[in-house]
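Beneath this line is the structure, given in structure tokens, with notes to follow.
Proteins get letters first, then strands, A, B, ... in listed order; numbering begins at 1 in each.
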Amino acid sequence: MKAAKFEYERPRDLGAALALLREAGGDAKLVAGSQSLGPMLNLRLAQPSLLVDVRGLPELRDVRDDGDHVFIGACTTHADIEDGRVPDPTQGFLRKVARGIAYRAVRNRGTVGGSLAHADPAADWVSAMAVLDAGVVVRGADGERTIPASQFVLGIMSTAMGEGEILVGVRVPKLSPKSRWSYWKYCRKTGEFAEGIGAFVVDPARNWWRGVMGATEGAPVVIEDARSLDPAAVASEAYEAGTYEHQVHAVALKRAAAALNP
Amino acid sequence: MKTAAKGVGARLPRKEDARFLRGQGQYIGNIRMVGMLDVAFARSSIAHGRIRGIAKPVGHEGSVYTADDLAGVKPIVANSGLKGFKPSELPVLAKGKVRFVGEMLAMCVAPTRAEAEDLAAAVEADIEPLPAVHDMLEALQPGAPRIHEHWSDNAFLETLVDADLAEVKARAAIKVTRRIRTARQAMNPMEGRAVLAYFDRRLDQLVVYSGDQMPHITRTGLSECLGIDHGRIHVISPDVGGGFGYKALLLPEAVCVAWLALQLGRPVRWLEDRYEQLSANANCREHHYDITGYADADGRLLAVDCDAVVDSGAYSLYPFSACLEAAQVGSILPGPYRMEKYRCRTWSAATNKPGILPYRGVARTGVCFAIELLMDAIARAAKREPHEVRILNLVPPEAMPFVNVTNKYFDSGDYPQAVRRALEALDWDAWRRKQARGLPDGSRIGLGLAIYCEQAAHGTSVYFGWGIPMVPGHEQCQARLSPDGVLELRIGAHSHGQGMETSFAQVANELIGVDPQNVRLIHGDTALTPYSTGTWGSRCAVMSGGAVATACEEIGRRVRQIAGKLMEVAAEDLELANGEVRVAGTDRKMTLAEVAHVWYRQPQLLPADVDPGGLETTSGYKAKKDTGTFSYACHAVAVAVDTELGHVDILDYAICEDGGTLINPMIVDGQIYGGLAQGIGTALYEEMPYSEDAQPLASTLADYMLPGPTEVPEPRVDHMETPSPLTFFGQKGIGEGGAIAPPAAIANAVNDALAPLGVELLECPVSPRRILAALAAARR
Amino acid sequence: MKTIKLTVNGQRVTGQVEPRTHLADFLRDHFMLTGTNVGCEHGVCGACTLWIDGAPARSCITYAVACDGADVRTIEGFEDDEVMAALRDAFTAEHALQCGYCTPGMLATSRDIVLRLPDADEARVREELSGNLCRCTGYVGIVRAVMRVLASRRGAS
């Protein structure tokens, strides 16, 4: 399948990118690594009239230590994180998640920002950033705002970003040295999208015992206090008991919880 | 027979590797021609309907063709002569009705594929939907919507192997009845189908590059559909990126593209993409069995009684026809077993899905699944180990050659020994002990096995009874020893990965001592090679290999005759080895090149009675009996079933196989490994589900799961080599075997793991959903 | 049409390309570099894997226009590469190819494994190869070939 025709612009800076989006009036798509968008374009499931390539924008490649969190620019690739080329404030959690995304060739091009903005509920960053209580930084004509990751993905391919807003990066809280975490997902085969995700982050300094159930039909289900977790009950928030989906999600939570206490 | 270092039996690295490792393979998509145009097809998104009209995109009508435009092009017809077969036609572009999602409505041509797809997307088809038939059992119900309206029902063919079972039923201590099903699949070679055609004005000939397993059959089919004689068609298959049966047919797309090339006078190309392959061509493997086994208290089989249905899709494809697979079920369901009585009725059911094609293993995979699950069920009823019941019922070696209950002639083999050796290779008993101990994470270990025999290289006497548009006869090879001592071999079959350029060079080395590096195999080109029905049914090692051997023997005879005159010895005293002709027991010798030089450049030195055919010959070959060879294998597997997720892990896999004499054991192993991977796909991962309105539901590789390196382990392979008494070196056809047993072995292992929980799975793929549903049902 | 300048197999080249043309088609059609094969065009099968800016990437879901300024290496560009030569020898010795269609992509990924993960064990090799599908070989020869090259490089060092 060959993509339908589209125009392509590579703006030099974020302001120019925002202007292009505005002019296109909703018929433009942002692209970074194109690992998520490329298949949709080639299959003609997406037919935008304009692609705005933000992969090289300096603002989106920024990586900063900002004290109690690290800012990771949207165009940081999964491989950048996997290989440790960006500081990991999560005691290894980010690196572990990155390593399990799809395949290396995809990780070399695919970006954190692109994956979040694409908002496939089964994408690893969608769940991982939610359990970390990361902040998704977006910029539009009205300026910059930060949306909590747990409220960022609203549904399949649907986010809390407005039309004309660009995801510029994520603010990842620095976990304290005594933190523990786990990330467990079920895939039928290596590298494919997860059927169920369970993840936990325990940070005594923040009094955190956060959990997330991911790879749902929409937003990840965040468990603010996962201390006395009932996996089946959490799964029932999204799935009918007795179904395959309920089982997979309950098991993912159970196994992620077990992995917390080796 | 002795094994030469570079001859039959050598693990010779492949000659053809060099170009593929450098990215120099010449697949059709890599061929460039000046003025070439690309074709995309507008395909039906409705499974069953009446075509009211097809509107071409405004302003581009000249680039879009429908059935009405293809004047003079005949539909594809693939009828069987079997009694009761219902004839039908496959119009190359849809006419009157559409009968499956993906059926071609219009051909769109443009300078690039992307632009051709733009045109295809703009074609508007007005189709009045009809009720769609998505299930083969429903298709056979009275009152089901008719796929072909001139038929009385939706069965291409019914077959019956009949027997009176009353007496056996009365004394059977064990009766086991099961309803067993295999899922529809898409074969998914890595390269899709491909056609590139142009008209050669100098030769007044249509040239068709086709990614093909049977270029000569394609030539015949094109001749019939286009109404032009064979001489005006030249089919060339260059490098083909995988086939497995997917490229063993006359493509409607090839007829269309060839016709268009004649109209436009320019090269025209169509390259199938993965979306087309999945959404329009999931065309194999879907079987349904209602099967009953009758046995005595020890598990000795008395009889098998079966009603089997094969989902044959909407159209009969050329040349194999829609009924081959179901009719084959009837004749091979008994497998390698003895039994007193056997009754089997089959139906080739027509449904609103793509027409069936034989996929690696053909009916054997489904049949093995059905009979091996039945045998395990009998074993459980008899409270015996599965291998005990197998050995009790397998045709024993002392009974060989054996004519079985459906008149199959098993030429040779020790089936019980294959079981014993597979179990040993797996270390079955050690796994039983591990099973008893359990796994720390709570997964349940299960052991399974499956045994089959694979009829291959079967020929005229088997095929003429089918009455399909192809009956294999003798296979030929043209051999020519060049002036420089290079041997050229021309065969009509074609490679799509099985390494013929190397194996047949080894055969030549075995017969006349020529170095495999000095052997050139020419195949795939109808202008350069003898007619052949092509590469299918694991026939090439036996048939093409036998033809190559026969031709080389003849070349050897002629070389000896010439060399004998030159060296003044009797021809019988000459040995051919290492590229030389040597007087036995002496150092006197000539090279093959020196002998050839005399024929080509110094004929004055030739013997007076020299064969005028010279160093070029066409030889034909048939196996001693053309009922084919029977290779066989036993697969044994240990799995771990995660009962919380329904996930199955393969812990260990062992295969004991007997392919007779192995021409290149490395290539044979490769065929087994590849077959196993496809078998694991069938067992655990691959299915194309269809909705109620016959929509294919897995149209990308994200949904249709192909096993990767973490899903396919390396098996232990133990070879028995019982030479076939019927073939040139004793070789047997083995190419499909690896894909036959895994679904049965793995399902049996899963059932062994879950039997204590009251679960028995009878459907593949044995997916997590099915396992969890079965566990839940057993708990209720 | 856009004009792009990039480096392909060590040569600086200029091309005119429609934005919708993916890198694989661009290389195959404009530069006759047909060694890179197209298998699915939705980023799953890995047949199209080549190297962009020093790392393996899928050329079917990467658009040529996005590669302006990039350094691209296809299978044809590894003729003189020492690791690739070792892999080629190993692939032949271990019967790691049959029809050859997945092979250029397999080699691209294998080279990355050998260079990036010199201590990889068989399980890791299989995991890293998961993005490259093969329908012919059952992966046995491919895994053996990569393990062989890894072992010989460990032995040599």
Side-chain angles (χ1 to χ4, degrees), chain B residues 11 13-14 16-27 29-32 112-114 187-192 239-244 271 273-275 495-499 666-667 669-678 680 700-702 706-715 738, chain C residues 18 20-21 25 28-29 32-47 74-79 84 87-89 91-105 107 122-123 125-144:
Chain B
R11 298 185 73 95
R14 297 190 338 160
E16 45 267 81
D17 282 2
R19 62 186 184 273
F20 298 121
L21 290 167
R22 309 197 116 71
Q24 303 295 320
Q26 196 187 51
Y27 308 99
N30 297 353
I31 300 172
R32 287 286 169 290
T112 65
R113 171 70 180 223
M187 297 188 218
N188 279 294
M190 291 312 295
E191 183 210 21
D239 286 325
V240 177
F244 320 116
L271 302 177
D273 64 39
R274 189 68 54 182
Y275 178 78
S495 284
H496 50 269
Q498 52 274 82
M666 180 190 80
I667 288 179
D669 283 345
Q671 293 301 303
I672 295 171
Y673 299 144
L676 172 64
Q678 292 184 316
I680 288 173
T700 71
L701 292 179
L706 295 175
T710 52
E711 290 72 57
V712 182
E714 178 175 332
Chain C
E18 294 274 355
R20 64 169 163 174
T21 303
D25 277 347
R28 291 171 51 78
D29 294 341
M32 309 307 142
L33 292 168
T34 55
T36 302
N37 291 320
V38 172
C40 74
E41 293 181 303
H42 50 280
V44 178
C45 79
T74 68
I75 183 73
E76 295 93 335
F78 287 104
E79 284 290 305
M84 200 58 100
L87 283 167
R88 286 197 183 100
D89 287 346
F91 266 50
T92 293
E94 300 289 356
H95 190 31
L97 60 149
Q98 292 183 24
C99 84
Y101 202 76
C102 76
T103 302
L107 286 170
E122 183 179 325
V125 168
R126 285 178 176 273
E127 186 193 316
E128 293 287 330
L129 284 172
S130 288
N132 289 83
L133 294 177
C134 174
R135 215 44 179 152
C136 292
T137 66
Y139 306 103
V140 174
I142 298 166
V143 172
R144 285 185 188 163

Q) Does C/E79 come within less than 4.0 Å of B/R22, counting only side-chain N to carboxylate O? A) yes
Quiz item: Would B/R19 and B/D239 pass as an ion pair if we require N to O under 4.0 Å?
Solution: yes
Side chain, backbone, both or neither: which part of [X] has a non-hydrogen atom closer than 4.5 Å to chain C?
X      : value
B/L21  : both
B/E16  : neither
B/Q498 : neither
B/V712 : both
B/F244 : side chain
B/D273 : side chain
B/P715 : side chain

ask   = Would a distance-only check, ignoring hydrogens and angles, find a side-chain to backbone donor-acceptor pair under 3.5 Å from C/R126 to B/T710?
value = no
C/E76 versus B/Q24, side-chain donor and acceptor atoms under 3.5 Å
no
Sorted by chain and number, sequence neighbours left out, side chain to side chain donor-acceptor pair (under 3.5 Å) with B/T112 holds for B/E115
So CD1 of B/I672 and CD1 of B/I667: to nearest 0.5 Å the spacing works out to 12.5 Å
Rounded to the nearest 0.5 Å, the CZ atom of C/R144 sits from the OH atom of B/Y673 at a distance of 4.0 Å
Heavy-atom pair count under 4.5 Å with chain B, highest-scoring of [options]:
options                       : result
C/T103, C/T137, C/I142, C/L87 : C/T137
C/E41, C/M84, C/Q98           : C/Q98
C/C136, C/G131, C/P104        : C/C136
C/V143, C/N37, C/T36, C/L33   : C/N37
C/L97, C/V44, C/I75           : C/L97

Which atoms of [X] are under 4.5 Å from chain B, going by heavy atoms: the side chain, the backbone, both sets, or neither?
X      : answer
C/L107 : side chain
C/D29  : both
C/S130 : both
C/M32  : side chain

Ranking B/L706, B/I680, B/L701 by heavy-atom pairs under 4.5 Å to chain C gives rank one to B/L701
Tightest non-hydrogen contact, residues B/P13 and C/T92, listed as CB-CG2, 3.6 Å
C/V38 and C/R28 have their tightest heavy-atom pair at CG2-CD, 4.0 Å
Note, C/C45 side chain near B/M190 side chain (heavy atom, < 4.5 Å)
yes
Sorted by chain and residue number, the ring-ring contact (aromatic ring centres under 6.0 Å, His included) partners of C/Y101 (sequence neighbours excluded) come out as B/Y27
